[in-house]
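All residue numbers in this chain count up from 1 along the given sequence. The basis for the numbers below is simple: all heavy atoms, side chains too, and nothing from hydrogens, waters or symmetry mates. Just so you know, ligand 1 is whichever comes first in the structure, and atom 1 is the first atom listed for that ligand.
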Amino acid sequence: MAVERTLSIIKPDATRRNLTGQINARLEEAGLGIVAQRRIRLSLDQARQFYAVHQSRAFFNDLCEFMVSGPVVVQVLEGEDAIAANREVMGATNPANAAEGTIRQAFGESIEANSVHGSDSAENAATEIGFFFAECDIVG
Ligand code: ADP
Ligand code: MG
């Protein structure tokens, strides 16, 4: 076990329903510290760049349109095994398959509008954190 940082995004479906506080409470209850946080509106270019790994997927254009449809909250989470711990509290990509007690099970609307993003590896976490935050923005 090691202290890690991971990038989390509270997606537009969740900000629209005023769920930022409830999602943050679940992250903190899971032992994840919110060490940087900013509410922003993504540009379409930013969304396409952030999700570039999915650009050949059928859902790519819809996903990018969804991510710019309202404000998002970008945040850095820190804690023991933060990358895996966040993926666990997020739940499966499709809320219909997400385990009881997970954020996506509680709040997700659909496989696309699934309330939260979380980095899936140490390498991607570093890249994704750098996409939104400078080191001086992160206060552990
Ligand atoms: P995760 O967010 O669980 O890591 P992926 O990286 O596979 O999932 O996909 C990124 C995002 O793309 C998902 O969170 C979801 O918003 C959207 N997405 C994934 N699969 C689909 C799909 N089959 N149809 C529509 N949107 C999808
Ligand atoms: Mg992913």
Side-chain angles (χ1 to χ4, degrees):
M1 297 249 289
V3 174
E4 294 175 338
R5 286 175 176 173
T6 190
L7 186 87
S8 167
I9 305 178
I10 302 178
K11 296 185 179 183
D13 67 285
T15 61
R16 191 176 291 130
R17 287 174 289 150
N18 271 350
L19 294 171
T20 299
Q22 289 185 63
I23 290 173
N24 280 352
R26 285 170 182 257
L27 297 172
E28 291 181 336
E29 279 159 18
L32 294 160
I34 301 166
V35 296
Q37 179 167 260
R38 195 163 74 243
R39 180 175 162 108
I40 60 174
R41 188 80 181 240
L42 288 175
S43 70
L44 193 54
D45 273 355
Q46 277 179 309
R48 294 178 72 88
Q49 199 185 329
F50 183 81
Y51 279 118
V53 62
H54 294 306
Q55 63 192 352
S56 63
R57 309 288 293 274
F59 59 78
F60 178 71
N61 282 329
D62 276 355
L63 172 62
C64 293
E65 293 287 350
F66 162 64
M67 290 299 289
V68 305
S69 69
V72 298
V73 177
V74 292
Q75 48 192 193
V76 180
L77 309 180
E78 185 178 88
E80 285 288 335
D81 280 332
I83 298 161
N86 184 42
R87 295 292 306 192
E88 194 171 330
V89 72
M90 287 166 61
T93 305
N94 187 345
N97 301 330
E100 198 67 34
T102 62
I103 291 168
R104 284 167 164 174
Q105 187 271 335
F107 302 124
E109 293 182 320
S110 68
I111 191 167
E112 177 181 83
N114 57 8
S115 302
V116 283
H117 166 86
S119 308
D120 63 4
S121 69
E123 189 187 350
N124 287 340
T127 306
E128 292 178 2
I129 289 169
F131 192 85
F132 291 111
F133 295 98
E135 189 59 36
C136 63
D137 296 326
I138 305 169
V139 183

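Side-chain contact annotation: Arg48 with Asn61, donor-acceptor N/O pair under 3.5 Å present. A donor-acceptor contact closer than 3.5 angstrom links the side chains of Arg16 and Ser69.
Minimum heavy-atom separation, Arg41 to Gln46: O-OE1, 4.2 Å.
Using a cutoff of 4.0 Å between basic side-chain nitrogens and carboxylate oxygens, Glu135 and Arg5 are scored as salt-bridged.
Using a 4.0 Å heavy-atom cutoff, Asn114 is listed among the residues neighbouring ligand 1. Ligand 1 does not have His117 within reach: every non-hydrogen atom of the residue lies 4.0 Å or more from it. Under a 4.0 Å heavy-atom criterion, Met90 is not in contact with ligand 1. Residue contacts with ligand 1 include Arg87, since one or more of its heavy atoms lies under 4.0 Å from the ligand. Within the 4.0 Å heavy-atom shell around ligand 1 one does not find Met67.
Taking CZ from Phe59 and OH from Tyr51, the interatomic distance works out to 9.0 Å, rounded to the nearest 0.5 Å. For the atom pair OG (Ser43) and CD (Gln49), the distance works out to 8.5 Å, reported to the nearest 0.5 Å. Separating the CZ atom in Phe132 from the CZ atom in Arg38 is a distance of 8.0 Å, to the nearest 0.5 Å.
The number of heavy atoms from other shown groups lying within 6.0 Å of CD (Glu88) does not exceed 12.
No continuous path of ILVMFWY side-chain contacts below 4.5 Å connects Ile9 to Leu19, so the two sit in separate hydrophobic clusters.
With hydrogens left out, the protein atom closest to atom 3 (O) of ligand 1 is Thr93 OG1, 2.5 Å, a heavy atom. Protein heavy atom nearest atom 15 (C) of ligand 1, with residue, atom name and distance: Ile111 O, 3.2 Å. Remark: minimum distance from atom 17 (C) of ligand 1 to any protein heavy atom is reached at Leu63 CD1, 3.8 Å. From the protein, the heavy atom lying nearest to atom 16 (O) of ligand 1 is Glu112 O, 2.8 Å.
In terms of polar-atom proximity, defined here as any N/O pair under 3.5 Å, Arg104 does make such a contact with ligand 1. Residue contacts with ligand 1: Tyr51 is placed with no nitrogen or oxygen under 3.5 Å of a nitrogen or oxygen of the ligand (distance criterion only).
Of all the atoms in ligand 1, the ones that sit under 4.0 Å from a non-hydrogen atom of His54 are 5 (P), 6 (O), 7 (O), 9 (O), 10 (C). The distance from ligand 1 to the heavy atoms of Lys11 drops below 4.0 Å at these ligand atoms: 13 (C), 14 (O), 15 (C), 16 (O).
The option from Phe60, Phe59, Phe66 that lies nearest to atom 25 (C) of ligand 1, judged by heavy atoms, is Phe59.
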